[in-house]
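Just below is one structure, and these are the notes that go with it.
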Amino acid sequence: MLVPTVATVAYVGTNGADTVRAGSVAASDEAPEFEPVPDAAPPPRDVNLKVETINGSGCPAGTTKVTPTNDNAAFTVTYQKYVAWAGGDAPPTEFRKNCQINVHVDAPKGYTYAVIGVVSRGFAHVEPGATALQSTLYYFQGSSGGQTVSHELDGPYHGAWRFRDRTDPAKREYAPCDKERNLNINSQLRVTKGDSDKASFIAMEASNANAVYHLTWKRC
């Protein structure tokens, strides 16, 4: 049996396209994802984003892409092989997948940035008694801080999911103005089959399944 993928499973979407869990805030697609940050500077135009490394069981070489928006207010991470599953015929090593991305944002002199929130989208089929987890940690190299967001889907669940997480303003961390510090993003997908013998999975591997990191800019 092959692992279920977005292409081979018909999604009923009984829980809806937007799923809210603790720490998440539902948002309409018509409204801005996040409120403006007071005293924020407009995003500079001459920003270069370079992916230094991508590795992990959920992002084999050539399957993950990082794309900035035209206004440099966000960047999107898309995956092609990011799915974890357990139960059924799943090999024991498939219950957890992870992806580690190291991004260099070359901001112009006099500017710095911070992540103000993340919007993640994907699909899942979770049998009764099973659970699925999506989590992300992002931080700057050399920092002792960082932000962790984590969400669980309890079975029975079948359909799309969408999580929106704001960075706590009190814990918002800006890249140092006087040093080059890349942004590290460590994410994982995990399935716990519990008392179910049937296959459950959680995936981020389609055109409408991704993670969008929203940024705010300020002058140093």
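Predicted, not measured: the structure shown is a model, and the values here were computed from it.
- Listed by first then second residue, pairs satisfying salt bridge (charged side-chain N to carboxylate O under 4.0 Å, His left out) with a partner in residues 185-203 number zero, not counting sequence neighbours.
- Residue pairs meeting the ring-ring contact (aromatic ring centres under 6.0 Å, His included) criterion with at least one member in residues 168-193: none, sequence neighbours excluded.
- Annotation for Leu133: hydrophobic cluster partners, listed by chain and number, are none (ILVMFWY side-chain heavy atoms under 4.5 Å, direct or chained).
- Residue pairs satisfying the disulfide (SG to SG under 2.5 Å) criterion with at least one member in residues 162-220, sequence neighbours excluded, are listed as follows: Cys177-Cys220.
- Applying the side-chain hydrogen bond (donor to acceptor under 3.5 Å, both in side chains) rule to Arg172 yields no partners; only residues at least two apart in sequence or on another chain are considered.
- Under the rule for a side-chain hydrogen bond (donor to acceptor under 3.5 Å, both in side chains), Thr216 has no partner lying at least two apart in sequence or in another chain.
- The ring pair (Phe, Tyr, Trp, His ring centres under 6.0 Å) search around Tyr213 returns Phe75, not counting sequence neighbours.
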Taking only distance into account, with no hydrogens and no angle test, what donor-acceptor pairs under 3.5 Å do side-chain atoms of residues 48-61 form with protein atoms, sequence neighbours excluded?
from	atom 1	to	atom 2	distance (Å)
Ser57	OG	Asn98	N	3.2
Ser57	OG	Asn98	OD1	3.2

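- Note on residues 47-73: no pairs pass ring-ring contact (aromatic ring centres under 6.0 Å, His included), not counting sequence neighbours.
- By the side-chain hydrogen bond (donor to acceptor under 3.5 Å, both in side chains) test, Thr192 pairs with no residue at all, sequence neighbours left out.
- Residues in residues 68-78 take part in these side-chain hydrogen bond (donor to acceptor under 3.5 Å, both in side chains) pairs, two or more places apart or across chains: Thr69-Asp71.
- With sequence neighbours excluded, no residue forms a side-chain hydrogen bond (donor to acceptor under 3.5 Å, both in side chains) with Thr64.
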